[in-house]
Amino acid sequence: MMGNNDQQAYDRGTSLFSPDGRIYQVEYAREAVSRGAPSVGVRTTDGVVFVAMSRPSSSLMEAESIEKLHKLDDHVGTASAGHVADARQLIDLARRQSQGNRLRYGEPVGVETLTKFITDHIQENTQRGGTRPYGAALLIGGIDDGEPRLFAADPSGTPNEWKATVIGGGRQDIQGHLEEEWRDDLSLSDGIELAVAALAAHDDEFEPSDLAVATVTEADGFRTVPVEEVAAAFEAAGLDADDEEDANDGESEADDADGDESDADGDESDADGDESE
């Protein structure tokens, strides 16, 4: 009984380590992120690609109201997973920091500098009483001195730089596909195709309209990719839903035709039977 109470004490406190060195509230926050829709980031030779699953949970929901990708500054963007409200607080913080850096120093904030500012803020909520960790993770990517860079920030406040990674649900399948297929010479369009194919490795029942895609390049800055280009990448990745539906329709029509022929044969047999009688 006493051990149970001790367990609950470690479970409820964000500023206490358990005897085996764990902070349970941080682990619960990570679990909240893993239950969210996945977001993928890919670093390419031209810039950074963000692809997020933004499928509406109801046919009555306006798809445009689902925001998974955000512009932080002209040269940097972010993708989120987990609790949307928590993610928005971090995104607003990042935007204020980005604009403050421009006003104070007259230059864009560095991607790594911005990431560490955000993760420092996240980490503070894992060591103070009266607060809880953020139940959200971010991918932060942009251009630093002409070079594309991609970072991930998790609820513990740890910043890691990646070539390609995913946050949210299905991490094992998606990350495995990224590790197998990522190359140093990926173009921007290749990066979009890779991210789409990686999401399909976890869940292949989605359409181009279910995805939000954005890129960050030195030439164009943060750019939201229109659904027509997403559909082209979808097809290039071998995931064209229309073709599959057409093929299924074709098979159904062929089955119907076979059925009609069988019925015709049956009618002829009946006619022969009547004549013999």
Side-chain angles (χ1 to χ4, degrees), residues 38-52 54 67-81 87-88 90-122 136-154 157-168 174-175 178-179 181-199 211-226 229-230 232-233:
S39 296
V40 176
V42 179
R43 193 180 74 193
T44 71
T45 56
D46 305 316
V48 177
V49 171
F50 295 114
V51 178
S54 59
E67 295 182 304
K68 296 292 295 291
L69 307 181
H70 303 264
K71 178 180 178 180
L72 302 181
D73 203 343
D74 292 337
H75 68 297
V76 60
T78 187
S80 64
R88 289 195 64 85
L90 295 174
I91 290 162
D92 289 343
L93 176 70
R95 285 172 171 167
R96 290 195 298 270
Q97 180 66 13
S98 298
Q99 294 305 309
N101 194 88
R102 283 188 180 273
L103 291 171
R104 188 175 297 113
Y105 302 112
E107 62 183 19
V109 67
V111 179
E112 183 175 4
T113 301
L114 180 61
T115 300
K116 289 186 176 179
F117 176 82
I118 297 169
T119 53
D120 285 347
H121 177 77
I122 294 173
L138 298 179
L139 296 177
I140 303 168
I143 306 299
D144 250 349
D145 296 326
E147 293 295 325
R149 304 190 71 182
L150 175 66
F151 292 86
D154 81 340
T158 303
N160 290 310
E161 186 168 7
W162 293 84
K163 298 173 182 176
T165 190
V166 58
I167 54 176
I174 298 171
Q175 190 68 33
L178 292 173
E179 290 174 357
E181 301 297 332
W182 188 89
R183 308 187 313 272
D184 288 325
D185 60 347
L186 285 175
S187 66
L188 207 63
S189 58
D190 291 337
I192 296 175
E193 292 172 19
L194 172 60
V196 171
L199 287 172
L211 301 178
V213 181
T215 60
V216 186
T217 62
E218 188 171 19
D220 300 328
F222 183 91
R223 173 179 176 266
T224 300
V225 178
E229 293 184 29
V230 177

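The residues of the chain are indexed from 1 along the displayed sequence. Keep in mind that the numbers below use all heavy atoms, side chains included, and drop hydrogens, waters and symmetry copies.
A distance-only check finds no donor-acceptor pair linking the side chain of Ser39 to the backbone of Ile167 [under 3.5 Å].
For Thr158, the side chain to side chain contact (heavy atoms under 4.5 Å, CB included) test picks out Asp154, Ser156, Asn160, with sequence neighbours left out. Judged as a side-chain hydrogen bond (donor to acceptor under 3.5 Å, both in side chains), and not counting sequence neighbours, the contacts of Gln175 are Thr165. With sequence neighbours left out, Asp46 forms a salt bridge (Lys or Arg N to Asp or Glu O under 4.0 Å) with no residue at all. With sequence neighbours left out, Asp145 forms a side-chain hydrogen bond (donor to acceptor under 3.5 Å, both in side chains) with no residue at all. For Asp74, the side-chain hydrogen bond (donor to acceptor under 3.5 Å, both in side chains) partners at least two apart in sequence or on another chain are Lys71. Applying the salt bridge (Lys or Arg N to Asp or Glu O under 4.0 Å) test to Asp120 and every residue at least two apart in sequence or in another chain returns nothing. In this structure, Arg96 has no side-chain hydrogen bond (donor to acceptor under 3.5 Å, both in side chains) partners at least two apart in sequence or on a different chain. In this structure, the side chain to side chain contact (heavy atoms under 4.5 Å, CB included) partners of Ala198, at least two apart in sequence or on a different chain, are Ile174, His177, Leu178. Residues passing the side chain to side chain contact (heavy atoms under 4.5 Å, CB included) test with Pro148 are Arg43, Val48, Ile143, sequence neighbours excluded. Every ring pair (Phe, Tyr, Trp, His ring centres under 6.0 Å) that His121 has, sequence neighbours left out, goes to Tyr134.
Once rounded to the nearest 0.5 Å, the distance linking OG1 of Thr119 with CG of Leu90 reads 10.5 Å. With rounding to the nearest 0.5 angstrom, the OG1 atom of Thr78 is 6.5 Å from the CG atom of Leu139. In this structure, the separation between OG on Ser98 and CG on Leu103 is 11.0 Å, given to the nearest 0.5 Å.
For the side-chain contact (heavy atoms from CB on, under 4.5 Å) criterion with Pro159, the lone passing option out of Thr115, Ile122, Leu114 is Thr115. Tested against Glu181, the residues Leu194, Asp190, Val42, Leu186 include a single side-chain contact (heavy atoms from CB on, under 4.5 Å) partner, Leu194.
Residues Ala212 and Ser54 approach most closely at N-OG, 3.6 Å, considering heavy atoms. Closest heavy-atom contact between Lys68 and Pro38: NZ-O, 4.1 Å. In terms of heavy atoms, Phe222 sits closest to His70 at CE1-O, 3.6 Å. Considering every non-hydrogen atom in both Gly141 and Val216, the closest pair reads O-CG2, 4.1 Å. Considering all non-hydrogen atoms of both residues, Ala94 and Ile118 come closest at CB-CD1, 3.4 Å.
No side-chain heavy atom of Val196 sits less than 4.5 Å from a side-chain heavy atom of Glu193. By the 4.5 Å heavy-atom criterion applied to side chains, Val49 and Thr44 are counted as neighbours. Residues Leu138 and Phe151 have side chains not in contact (no heavy-atom distance under 4.5 Å, counting atoms from C-beta outward).
Judged as a side chain to side chain donor-acceptor pair (under 3.5 Å), the pairs with a partner in residues 212-224 (not counting sequence neighbours) are, in order, Arg223-Glu229. Within the structure, side chain to side chain donor-acceptor pair (under 3.5 Å) pairs that include any residue of residues 101-113 comprise Asp73-Arg102, Glu112-Lys116, Glu112-Arg149 (at least two apart or interchain).
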Would you please test Phe50 and Val225 for side chain to side chain contact (heavy atoms under 4.5 Å, CB included) and show each step?
CA-CA 10 Å; Phe50 295 114; Val225 178; over 6 Å; no
